[in-house]
Structures are given as structure tokens and as C-alpha cells.
Amino acid sequence: MLRLSLDAKTVERCHEISENITSRVIDELSSLSTVAIERTVARFAGIEGVTADGVPLANVLVSHLVEKGKIHDGVAIHLANACLALGKTPAGISEMISRGEIDISNLEWQGTEEVTRKAREICKDSLDKIRARRAEREVLLEQLPVTQTPWLYVICATGNIHEDAVQGRLAASQGADVIAVIRSTGQSLLDYVPHGITTEGFGGTYATQANFKLMRDALDEESHKLGRYVRLVNYCSGLCMPEIAYMGAVERLDMMLNDAMYGILFRDINMERTFVDQNFSRMINAYAGIIINTGEDNYLTTVDAFDAGPSVLASQFMNYHFAKKAGLRDEQIGLGHAFEIDPSIEDSLSYELAMALLVRQLFPDCPIKYMPPTVHKKGDIFTSHVLDSNFNLVSVLTGQTIHLVGMLTEAIHTPLIQDRYLSIRAAAYMRQAAKHLGHNLEVKRGGLLEARATSILDDTLKLLERVNEQGLFAAITEGVFAGVKRLRTGGKGREGVFKKSRWYFSPVEEALRAGLSGESLGEGPIQD
Amino acid sequence: MLRLSLDAKTVERCHEISENITSRVIDELSSLSTVAIERTVARFAGIEGVTADGVPLANVLVSHLVEKGKIHDGVAIHLANACLALGKTPAGISEMISRGEIDISNLEWQGTEEVTRKAREICKDSLDKIRARRAEREVLLEQLPVTQTPWLYVICATGNIHEDAVQGRLAASQGADVIAVIRSTGQSLLDYVPHGITTEGFGGTYATQANFKLMRDALDEESHKLGRYVRLVNYCSGLCMPEIAYMGAVERLDMMLNDAMYGILFRDINMERTFVDQNFSRMINAYAGIIINTGEDNYLTTVDAFDAGPSVLASQFMNYHFAKKAGLRDEQIGLGHAFEIDPSIEDSLSYELAMALLVRQLFPDCPIKYMPPTVHKKGDIFTSHVLDSNFNLVSVLTGQTIHLVGMLTEAIHTPLIQDRYLSIRAAAYMRQAAKHLGHNLEVKRGGLLEARATSILDDTLKLLERVNEQGLFAAITEGVFAGVKRLRTGGKGREGVFKKSRWYFSPVEEALRAGLSGESLGEGPIQD
Amino acid sequence: MGTVIRHGHDRATSGAKVANTPHSDLVLPYGDQFNDGIVQVSFTLPVAAGALAEEAARQTMKLMGLEEPQVAEVAPIGENATFFVGYGKLTRPVELSKLRIAKPMWEELDQITINRLVQETLGRAMVVVGAATGQDAHTLGLDAILNYKGFAGNRGLEAYSALKVVNMGSQVPNETLVAKAREVSADAVLVSQVVTERNVHLANLTNLVELLEAEGLRDKVVLVVGGPRITHALAVELGYDAGFGPGTRPQDVASYLAQEVARRVLN
Amino acid sequence: MGTVIRHGHDRATSGAKVANTPHSDLVLPYGDQFNDGIVQVSFTLPVAAGALAEEAARQTMKLMGLEEPQVAEVAPIGENATFFVGYGKLTRPVELSKLRIAKPMWEELDQITINRLVQETLGRAMVVVGAATGQDAHTLGLDAILNYKGFAGNRGLEAYSALKVVNMGSQVPNETLVAKAREVSADAVLVSQVVTERNVHLANLTNLVELLEAEGLRDKVVLVVGGPRITHALAVELGYDAGFGPGTRPQDVASYLAQEVARRVLN
Ligand code: B12
Ligand code: B12
Ligand SMILES: Cc1ncc(COP(=O)(O)O)c(C=O)c1O
Ligand SMILES: Cc1ncc(COP(=O)(O)O)c(C=O)c1O
């Protein structure tokens, strides 16, 4: 196998510092919760419907408590109290609120112990269900094994979930191992999750629980047909991170894009909001055995990939430690990386290889989510196909796990049926053709590849030291990542962040953390 | 640089045996000449025109001597004798013959010394011209240097030389370093060279001296425009090998496909005929500073490339020694190789790499003519483009010199304007992107690549030993090469072979050999 | 909370019906949404790159009946040549039921049945003469059909006891082929044509039919042509009995020959 | 000696005239021989692979006006879907002189001239408000035009002393953009639209014009849209003053803005 010889001390230092940076962020924010987290708790409690206007009842409940100034206690205890007081289910309570029939903020207190117990009780079914879905996945992965890496991952983005289902199955039958349904433009800034089956997205299809289920069913059917488990992916970045994480867990998604940094930099979401949401959603992901994908690859679209190596790597180190703290095992941490160096420069392929190898080697047990070239793609689909071919090669040579199949029409439209076919075919060919090539070549000691990797690693350490000094929030403010500057007090969704009161209680968090401490959280085999 | 560790003894043995095999062939055939060689001598003597019916005067002269039973003496002395006897130029003599005005076989003998001197004299201009054209090339290569390898080589095959000129220039301006005009189907079996500018070929354009000139002029113009010398290629395999070699020399072609084995196996040309022709044409090539290309790549279209390694390599060893004996320097010997392993097999890329590296390393100073995938191409131009991309990669990684750019439409038609553009673009991208990649990787000792190369080399030695035992002709009869069997007594053009009489004299051969022995033949710098 | 996303169960079925249910009679290309008509094109125009060339490309796409023509790539590939990649939407569907599919008439038979059928009909082996004609030197396709070894694991005609195969190889002049057919009293003549540049195969194939007719042999043989750019429709148009394209297996040809000979003998 | 090759000086010129001489008015695609009309196409049909699908593909190509349609690849890509690659010959030429080329009217000016022109016409800096509107979060294109850094070595509008740039960034609702334009008394409004799936940009761009009109602002601003799939013709059709496509440089936009403002002030 191709291996770089790297300075172990530097690597260790990078980990130490990142651990420190991320601990500080988590500590600093530990007193906060968000409306999205509370809506998630409501969903755990079984509140799933929408009003006649299509407003999710989880939003109705949380807005109600916000209005009443009681959100600081968390929804769980007020909801549990209401259930006890009125002898209703959480769903029943939320419907009554939506009809304006009750105010749950001033019902008679049913006793802390009873309320706490009730709160735990109403969330238990969901927690059990998630464990069950996870066990189901493990069984399926054993029955329908995925035997080749890298996994070929393609997107569906028709905007119509029925089309996505048809096309996702087609792609799977053509060789795709992983299907992601991309979200409609702008969904990540909605402060609620749309409900039901949808057919009208733009550049993507809405992430809804019903859509998740429809896709999961379609892919399960196809998986059985193919004798190979086809993984399903959706996104839980954005303002509804934890809610969508919950939905993904319940509908047995296998992978979710989850990254606060992405939201901050590319969606201008408030930092505190999304870091708090991230920690909570990742606990759900961990609990559900879901692999997360981070978004460092996106940085390479706004800054030059040749220069951005250290900032990408620094971000990966931090994202890794954020993930570990949320209970994710290495096998669940799909750090984002991409092949985005300007193809017109000399030795671009060597630089890509060096960087891909570096990332692979630094996080040996993490399934890197390796993204294809995008920014330097133009309308010439033939040339674009060749660029992807080199990307495919580097991915196989460096033994990546999650391989986002590049599309020859990247610069033109979201993938057509034939685009996926051609691109999967090209990637599958390379996986086969170069299968053991990486095992039969070696990196020349002291050559260009090693020099490049070493210099990036060294610069990463320097950058991390700087971030550590000023703190992550300040570093973002200075535009260290992706060349984008954001203020701690700015961005969308800030109004949804609140300080937890001393009565705050979340049975969901409690259950997730219980798993975490027992090391059982997020455990279980990852196949391949 | 990628390097295999190979057993030096085995390599040495392969050379020794090949030297032996080829010496025997040449010795065995040294008493023979052919009508094509005699027509070439006639052309050296300035006989260039055609009759009113379009029959070349060189053919008229040779047929005349064949009819008169005097061809065994070679055309030179009879022609020289006639010139002296009648006080005419060779051209004048040949015209008179064509009009049936004279019979030069029974003119009065002008004395051996005079005739010999005259024979030398009438061929001198052509010899000088060839030296001059060669010097011209050397100057041009200095003025208009070609700085990058591999040289990107594309074909024109419109059938219309004017189109070829336009499209050849276009290709050069897009980055092509070498332009070959492919011949019309079937020309290689014509026992004469068509005359003048032609516009009606099928799947290629006729090789004629006028067409050579037209293309050379077009490319010279383009070379000056681009500041980069664009090489011109044509074919001197087939029944008119030496004549076309002469035309290429005079019109300053830079490379010529020249291979008796190709003619035997793929055109069913008689062995003796074409080996005799080959030796003579290669002397001309050597004298003219032209790089030859051999045709082993073609074997991989009729037998499976995975299995054919040893037979290809054995043929290359022999072709190398045939070439050396004709006075070609290593820098002029473009042995044919190809990327033709079934792309659907596991590790196909590794096997291609091993083989390309092996060939490269065994003939370190020869510019290998590396051919793209063709047989496994289908009508899916996108997939085809990807296959070419891997070919491009291997070529750059192994430091090849002459790179036949693969066409995405290989399975459909001869290249369109845009096919060349896209394919050159892809190859140029790879040349740039992977420029130093081969220098920064190493072959793993004892790995798959080395094992494969070693086993092919070992089997090559065994095969050469077998060929040495039975002789090359017998080996061909048994179908050792390309899976094609040919009889020594069969094939086209056999009637054109004759035993030289004791009066036989060829001033051209003499001059070429003179250069050969003085080591000055074929000398001169080959750039980059 | 912003506008709530509307979702239409009404439109919802359009996608699902797509590729699962049997196709309807009117068929359009399908790229992203069923029936969207999306087609990819590429071509070169002999016009210098620029606004004029781009508009000419768009117009070219319109001439092809493509709506919403989108010029995705404009590449100057020479002083007076521009290469384009484009996407557009075809709105005129193909009516499947109206299509006439030209196919040689035969059923797939196994080797034993083929041999038996030939022996029963002719009472002897069937003589098959094959050649790559004219200047065509591509024999791999012909060999794949004729030689014992066959193609993709399917044995060639030589493997059939009831077929006597004469493989004349490459670059056989039509005259020579016809003479051989007469000499061996061929029941079938199999021609391979791979080179099609400037439609050289059309002239060559037509010439063979004329020669056979002139020699009074045309009706005496089953006349077949094959090659990567041959279709049955073309073959019939040129006066052949059958045409075989890419991917043909020897067994297809043997099945056809046996049945065609049987048909003729019965009629 | 066989037949001697004939060679026609008559046909000989066809090639040479090709790409060297200025193009004629009637233009056809050019692949192998000048005017051969060769076009490459690819598409998917929702039909199971087989003879029917292949014929449907050929028919599809004929519907596109392609003669001698050649289906080069038939790839089954699903139970009911087949992908095709084809080549055919278009015979209907584009008439260059008949083409209407929609282009914003401006001459390329240098930075100093632009600044001077704006100052002379307005007597102050020109206020330019830019945004990626609707749900479009692609700001690289907009930034390339607006930000000081610019695009491909060409400085952005912020680098012009006579332009005052307000870059609102991504996902700006049309309402917010209009409000800002009013607030800062914008002279020009620059919109970027990159996402075009299901023609979302058309609805979004039309809505902006309507809002500006409703607010009585439409005539007060130079209204410009840009993006990789935007053409000037489309922009004009939607009620914009100009549209800028791929490869636009800031200087192009600045030149246009200065001249358009000058033109309006003079009129
Ligand atoms: C191998 C090959 C060669 C070999 C041929 C070796 C040999 N003994 O056959 C060599 C290297 C010698 C060669 C030379 C040339 N070739 Co060549 N060659 C090819 C190549 C790579 C593969 C063709 C092939 O054998 N395919 C495999 C066989 C099994 O498939 P097939 O022929 O389609 O056959 C199947 C069916 O079509 C059918 N079939 C075929 N024949 C018949 C006959 C009957 C009776 C039946 C029933 C069925 C049948 O059944 C077969 C099995 O399914 C193609 C490119 C490609 N990838 O297709 C170019 C190609 C065919 N060659 C081409 C050309 C132009 C040439 C040259 C003329 C170039 C030149 N000017 O030098 C020369 C000269 C040859 C000549 N005089 O004809 C062009 C033809 C372009 C065109 N549309 O006309 C091609 C397409 C390459 C290109 N893009 O330029 N070639
Ligand atoms: C970078 C990028 C992103 C980045 C954007 C970062 C950023 N801050 O801009 C990130 C990763 C965030 C992203 C996200 C998405 N993207 Co995006 N992205 C791209 C990508 C790779 C490059 C676009 C780009 O920036 N090009 C470089 C700039 C400089 O070029 P340009 O935009 O054409 O600009 C030039 C001209 O057009 C013009 N111009 C542009 N705007 C303006 C404005 C004015 C006033 C003027 C005068 C001129 C002008 O001048 C510029 C300089 O010449 C393209 C693919 C590609 N290679 O094109 C996909 C692409 C645009 N994305 C696409 C999609 C669908 C998305 C998503 C919606 C996917 C999803 N569902 O998650 C998301 C969400 C974004 C959203 N809500 O809008 C699709 C759009 C498909 C379509 N036809 O609608 C593309 C084509 C990819 C694909 N094939 O699917 N993306
Ligand atoms: C980590 C991450 N989250 C989310 C997204 C998708 O964008 P959005 O959340 O805006 O739908 C991406 C983009 O590729 C991403 O990398
Ligand atoms: C050595 C050699 N000579 C000649 C040719 C060309 O064929 P022909 O001589 O039949 O024109 C080839 C084919 O590629 C070749 O490799």
C-alpha cells in the first residue's frame, strides 16, 4: 500500500490541539439548547403531524413554549406534565395546542419525579425504534454484503421523490452502492421540516420523513434484488439538523451529511446555533449507527485547492474531535475531502494523490468521503469525464471508502439517468482495473509527494495552534476556513438559541449520553 | 523513475538469440532483390512520372526488364548503359520505353567501368537531396524545438489530402506533435505507388509523393506558426516499402511505419519479398534520419493481449536487431507496443503498466511507439475516452516517447475534427498532470508488477529459443505471432522476388552501405 | 416560519409510473424527468468562436427540433472551427407501434437441431463460403462467425457437422468470391464489411449482387452480410437476404442459415 | 498491376477551401469532410434494450433531421431504459446572415475611462446593488464580478472608484433586494442566477421584474442578470436590460454599466 512517512509527533500535536479547541467550544456551549433540538425531542415523543396549513406540530409545540417564555426548560417536561395533567398523548397535546385549546405552560405541576419519568417514557418508543432499525441494518449488511470499496456514491436530485426512487434504483442496479437524495435549494434555511411526500424541489428533493421512507423502501427492494445492501443518504446540516438526524435514524438512513462548519460558511447559519445542534444530532447519528459526512470538500470550491490544504486538514482534525465527543466511532466519521486542484497546473495529479493519501493515512479508520472535481468543470462533458477518471484513480490508489462519483455534466445540470450510468461505469472500471495497483507501488522517500504532504501537515499544525490561541469562533470570524468570514452574533437561526434553565431536562439527551459513557453508543460492526 | 528489477542475463540472452535469428534471415535472403527495390533505384535515378494511363514510369522500366529477363542484373546498370548509349537521362529512357520505342536489354554494352560510374552518377542527386532534407530537419528541430514528451501523435484519414492538410494543421495547433496520414484501405497491396495529389481514399488517403509534399508544406507552415516542429508520418510497409521509403526521405517525412512482419501477418505479403524490401527500406530510413515504427501493437488485436506479451516482446527484440543491421540508431527505432488488455479484467491497469514499463526499460534508447486501446473499444464514446485516459497515464508514467493518441470514436469512424481535439486535450492534460508522478513512485519489489514483467521476459526468452531453433520463417508458419500462420512460399508479391545475377549492381545500396559501415549512416542528433 | 412547502400528491405519480410500468406507445428521450425529451449533442461548426458561432450552434440545435437549446460548451478548436456541446429537449415522440423492425426471420436453434435440419433438407452438408471482400482486411468478425473457436464462447460454423465452411480471408475481390462460390457450389455466401468510410461498403456490396446476378448465381445462394455497421434493413435494401450487426453470435447465423435453406427447399 | 488509382483534381479543392477561407453563409456541421453535417447525439429511451429500442433510437435521430442515422452504442441501463450514442448527418444548414445575435450594446473601455464616464454622466459614483437571489446560494460568480479581487486577473467592480458596490450575498429574497435598492438609491441592480433546474430561475427573475415595476423602480435602475446559463437574449425576453453568461469579466460589466447609464442620461 502507498504510504507516506510522516512525523508522528506533528500528528499527535494536531490531535491534542484539536481536542482542546473542540472541548472548549463544547464546554462554552453546553448551557445552550435550540428550538431545533426541542422540536427533535417533541418528535422523539411521537409528535409527527402537521396542521391544516402544513405547519409541523413539533413547530407548533415549540413556538407555543417560546411564546410562553418556557422554552428554557426544554419541551420534555412541559409536554410530559401536560400528558399527565390531561391524560393525553404527546400527539394529542400538540394537536390541542395547534387548535389553541390549551396553554401547557401553566398547567398544574405533576411532581418532578412523575414528570421526569413520564418524559422518559414518552421518548422511549423512538429510542427503541432507532436501536431496532440499527439492528435491522446490521442484519441486512450481513445478508446482503457490500464487498467492494470504494463504495460508489451517486446523487438523485430530480425534485420529485418518485423520480428519485426510480432513478435511485436504476443507479443501484448499475452499480451504485450509496444513493443520496439531494435537498432542494434553500431547504437548509427552513426552520421546519416539510411534511409528507414531495414532488416539487429545485436542484434537489425536499428531505421529509415520508420521502426518506419511500426511498428506503425502494432501495431495500432493490438491495434484495441485487443481493447487495444499497445505502441511503440525506443531509442533516442546516437549521433542522437534529430533527432530520432523528428522521434519518428512524427511517434507517445509513449516512448523513452533518456539519456545523458547512452551515456557518456556506449557509450563513449562526455559529452557536449550529454547533449546539451539531453536537446533539451527532449523538443521534452515533446512536443510530449512521455514518456522518463532513463538508470540508466544499471549502475547495471557494478557495484555491492548491493553497487550502492546511485549512481543510485543520478543519478535519476538529471535525473528527467534535465527532468523537458526540460518541461517533471512527468508522462512522466520514470526513469530507475533494479532488479540486486546478487541472491545468503541472503535476496536479501528484498533488491530489499526496493530499488524498495524507488524509487517508491521518484518519486510518475513518471512511473518508472523497468528493469529485466540480469547480474546474466546464460544459465539455468529455474532458470532464477524463478529470473524473483521474479522481477515480486516486481514490482507488489511496484506498478510500466513500467515493462520490463525479458526473461528466457537473457544470451543466444535476445528473441525468445516463450521466449516472456512464459515471458509475467509469468508476467501477477503475475500481477493478487499478484494484491492487496501490499495493504494488511505493511512495518515493523524500520525493514530491512526501514533500507536499509534509509541508501541508506542518502548516496544519501552525494553523491549529493559531486557532487554539484565538478560539474557533474568532478564527471563523477571521475567514480562516473557505475564505468566508462570519460573526459569532450573526447568521440565521440565532433567535432559536436559548440558555437552558436549571429545570431543563431532556430525556433524549440523557439516553444518548448514557449510551455514550458506556462505550456502547454507536457500537456495532461497519461492514465492507 | 519507475523501474523494474530484471535479470540482466535473461535480457542479454534475448539480445544474443535475436541477433542470431535475424542475421540468419538476412544472410539467407542476401542473394535476393525485388521489383520494388529496383523501382526504388529507378526513382533514385530520377524516374518519377507516369504514363498517360497513370502507370508509374518506374514500373514501366522494371516491367520492361522483367519481360526481357534482365531484371536479375538490377535496373541500375541497364539504365546507365542506356543513358550512355543513347545520351539520354533516365527519365528520357523510361519515357521512350513507355512509348515502346526502345528495348534497353540489348543495347550495346558501354563498358563495365563506365556503366558503373554512370549508374552511381544518376543516383547521386537523390542521395544528396536526402542528406540535405535530413540536415534541414535538424535545423528545423533546433529552431522549432519540441520540448515535451510523449509526443502526441494523431492520424488524418479523410481520404482527401486537402482535407488532411487542413485537419492536420488544426490538430497540430491543438497540440499534436506528430501527424500521420493513414493510407487508403488496400494501398499496401498495390504493386505500384499512385502518382499525384489524390482525393478519393477510403479510411485513409493514398500515399503518393505529391501528397507527402503537400502535407509537409502544410505542416512546415504550421510548425513555423506554432514555433514547434510538427513531425509528419506515413507508411512504408506493404508491397512498395522501399519506394515509399524513398519518397518519405525525399519529402522529409520524419517517421515511417515499416515492418515486414506486419505485411506478412496482416496483409498476407510473401515473407521473402517483404523481408528483402524491409532491409533495403530501413537503410533508406536510416540514411534519411527517419524514425521507423514497427507493428507489434497489431498482434494484440488478433490475439489476447494478456497472453500475447512474450510473442510481442520476442518480435520487438527481432525487429530491433533487423533495424540495427540496416543501420538504424536506437533513437530511430520506434518499436510498436499497445495498451490492449481486456479492460474488464481485474488489475488490467497494473498489467498494462508492467508491460509498458518492461518494454520501455528493455529498449531504453528506442522511442517506443505506444498505441492506444482499440479492440476493446465499443460505440460508447464516453467509456472509450476513459480507457484512453488510463492509456495516457501509463504512457506518461513510463516515459514513452511516441504516443498514439487514442480516439474516443475508435469503434465508429476514423477521427473527426472534434475527436482529435478532445483526445489531444485529454492526452495533453495527462502529460501535464502526471508529469513527475512516475519519478515520485517506485515499483514494489517482488509485487504484482515485477512478477508479471519477469514472467513475460522469461517466456520471451523461451519463445526466442524456440524460434531460433526452427528459424523465423518456420515460426511464422506455425502461427507464433499474432496467431496468424503464413507459408514461406505463399502470400502476395512473391513473383516480384528474384535472385540477383552475378552482374547485379545497385549504386544506391552501395552508397547506403558505405554510410552504414562508416557508422555515419543514420547519424545525427535526434532531438529531445 | 416562512412559506410552508407545498407538496402535490397530484403530480406525485408521474415519476413512479416511469420506468416501472410498460412503456406507452409514444416515447420521448428521458433524462431527468420522464418524458422531458432531453438529448445531448456535439458537433463542430466551421465558424470562428464568438457570438455568431454560438448563435449558429443554437440555431443548429433548433433545426434538430430541440427546444430550450442550451449551448454548454463553446470550444475554439481552430481559427475557423468551433466545437460545441449542447443539451436540448426533443418534443416529437417516436410512435413505437408504427416502427417497422427489420429482422431476419429465424428462431434460435441448438447445434444438434441445426445439423439435423440441414441434413434433412439438403441430404448433405451445406456449403458456406465466407470472405472479407474488396479492400477490407478486417477478418476478426468473419473469423468469429466461421472459425471453430467462435465468439464469446459460442462455437463458430466450422463446429457444425452439417456445415462445410470455406473461409477465404481478407481483401477478396468480389470476382474471386463469385468464382469460388461457383467452384464449390456454395449454398450460402457470407460477406464481411467493416470499413464503411465514405460508404465504400455500399458500392462494394452492390457490386457483389450485380456479379452474382450476372452469373446467374444470386438465387442459388443465401446471401448474407455482416459487420459492425450493418443492419438487416440495410442488407435487404442492398439485395441481400440477411444482415447481421455487432454482437452477432455464430449460432444466430447458423440458425438463420438452416431455417432459410429449409424454407427455400420447402417452397 | 491491378487498376490504377484515379485521382481527381476536380474534387481536390473542396477540402482546401474548408477552414482557410472565410465561411460561406450556409453553415453545416463539419466532422470529416467539409459540409458533411456530422452530429453526435446521446440520449436515453424508456424502452427495454432490443430491436424495438434500437429502431426507436434510429427514428428519434430521424426526427432530429439526421440522415444516415447510425446507432453506435446500445446500452441497457435498466429493465426499461436504454442509452444510445449515435451519429448522423444534418442536411439543413444554418444561414449565418439570418441570425440575430442578441448582445448588450457596449464597447470595451478601460478602468480609467469607465470611472471618468460615470463621473461625467452622474456627477457622483454609481450605486450598484448585487445579489444571488431566491434560494440561490452560488455567490462565486457574483463575487467574481463584484469583489475587488475579480475574475481571472481582471479586477472586480469594487476596484472602480466611480462604482459604489453593495454585495448582498446569497439567497436574498427579491423583496429584500428591492428594499435595499430603494434604500441606497441604486443605479443598477445585478442579479446572479446559477440554479436553473426546472427553470426555477425563470420564475424568480420574472418575479423580480414585477416587484420592481410594482415599486416604480424598474425604470430607475439598470437591471442586469448573470450566470452560467444566462444569455443576453433570455435576459431581454424576461425584461432585463442585459444578460451575461459564462466567462464574463468584471470589465465587461463595468463597461456596459457606464455606457448604459450615459446613454440613459443623454436620452
Ligand atoms: C482489429 C482492427 C484492425 C486490425 C484487423 C485485424 C484483422 N485480422 O481483422 C488491423 C490492425 C489490421 C486493422 C487495420 C485497419 N483498420 Co481497423 N480496426 C480494428 C478494430 C480495432 C476492431 C475490429 C474488430 O475486429 N472487432 C472485433 C470483431 C469481432 O467485431 P466485428 O467486426 O464487429 O464483428 C462482429 C459483427 O459485426 C458480426 N460480423 C462481422 N462480420 C461479419 C460477417 C458475417 C457474414 C456475419 C454473419 C457477421 C459478421 O459478427 C462479429 C461477431 O459478433 C476496429 C475498431 C473497433 N474497436 O471496432 C478498427 C476499424 C474497424 N479499422 C478501421 C480502419 C480504417 C482500418 C484501416 C483501413 C486503417 C488504415 N488505413 O490503415 C486498416 C486497414 C485495414 C483494411 N485494409 O481493411 C476503422 C474503420 C472505420 C470505418 N467506419 O470505416 C475502425 C473502426 C477504426 C477507426 N475508428 O478508424 N484494423
Ligand atoms: C461552487 C459550487 C457550489 C458551492 C457554492 C459556493 C459559493 N459560495 O458560491 C456550494 C458547494 C455551496 C454549492 C452548493 C449547491 N449547488 Co452548486 N455548484 C458549484 C459549482 C461547482 C461551481 C459554480 C461556480 O461557482 N463557478 C465559478 C463561477 C465564477 O462561475 P459562474 O457562476 O458561471 O459565474 C460567471 C458567469 O456566469 C458570470 N456571472 C455569474 N453570476 C453573475 C451575475 C452578474 C450580475 C453578472 C454580470 C455575471 C455573472 O460571471 C462569472 C464570471 O465569469 C457548480 C458546477 C460547475 N462546475 O459549474 C455547481 C452547480 C452550480 N451547483 C448546483 C446545485 C444544484 C447546487 C445545490 C443546489 C445542490 C444541493 N441541492 O445541495 C447546492 C445548494 C446551493 C443553493 N442553495 O443554491 C448545480 C446547478 C444545476 C442547475 N443547472 O441548476 C451545479 C451546476 C452542479 C450540478 N451539476 O448539479 N455549489
Ligand atoms: C456537510 C454538508 N451539509 C449539507 C450540504 C448540502 O447543502 P444544504 O444543507 O444546503 O442542502 C453539503 C453540500 O454538499 C455538505 O457538504
Ligand atoms: C507497421 C505497420 N505498417 C503499416 C500499417 C498500415 O497498414 P497498411 O500498410 O495496410 O496501410 C500498420 C497499421 O497500423 C502498421 O502497424
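Keep in mind that this is a model prediction, so the values were computed, not measured. Numbers restart at 1 for each chain; the letters A, B, ... are given by sequence-line order, proteins then strands.
Interface remark: B/Asn390 contributes side-chain atoms only to the contact with chain A (heavy atom separation under 4.5 Å). With a threshold of 4.5 angstrom between heavy atoms, B/Leu437 approaches chain A through its backbone and through its side chain. For A/Tyr429, the part lying near chain B is the side chain, with the backbone staying farther off; criterion is any non-hydrogen pair under 4.5 Å. Within the 4.5 angstrom heavy-atom criterion, only backbone atoms of A/Ser344 (N, CA, C, O) approach chain B. In this structure, the portions of A/Ser350 lying under 4.5 Å from any heavy atom of chain B include both its backbone and its side chain. Only the side chain of A/Asp380 has a heavy atom closer than 4.5 Å to any heavy atom of chain B. Only the side chain of A/Leu422 comes within contact range of chain B, with heavy atoms under 4.5 Å apart. With a threshold of 4.5 angstrom between heavy atoms, A/Ile345 approaches chain B through N, CA, C or O but not through any side-chain atom.
Annotation: side chain of B/Val230 is not in contact with side chain of B/Asp177 (no heavy-atom distance under 4.5 Å). Side-chain contact between A/Ile182 and A/Thr414: absent, with no pair of heavy atoms (C-beta onward) separated by less than 4.5 Å.
The choice from A/Ala433, A/Gly446, A/Ser389 that makes the most heavy-atom pairs within less than 4.5 Å of chain B is A/Ala433. For the set A/His439, A/Glu450, A/Lys444, the entry with the most heavy-atom pairs within less than 4.5 Å of chain B is A/Lys444. The most heavy-atom pairs under 4.5 Å with chain B, out of A/His385, A/Arg445, A/His436, come from A/His436. The most heavy-atom pairs under 4.5 Å with chain B, out of A/Thr383, A/Leu2, A/Val443, come from A/Thr383.
Residues A/Gly309 and A/Ile456 approach most closely at C-CG2, 3.9 Å, considering heavy atoms. Across B/Phe306 and B/Ile341, no two heavy atoms sit closer than the pair N-CG1, 4.2 Å.
Distance check, rounded to the nearest 0.5 Å: CG of B/Leu449 to CG of B/Leu358 gives 11.0 Å. Here A/Met430 contributes atom CE and A/Leu393 contributes atom CG; the two are 4.5 Å apart, rounded to the nearest 0.5 Å.
The cationic group of A/Arg360 does not satisfy the cation-pi geometry with A/Tyr370, failing either the under 6.0 Å distance to the six-membered ring centre or the 45° limit from the ring axis.
Taking the charged nitrogens against the carboxylate oxygens, B/Lys377 and B/Glu410 have no contact shorter than 4.0 Å, which rules out a salt bridge.
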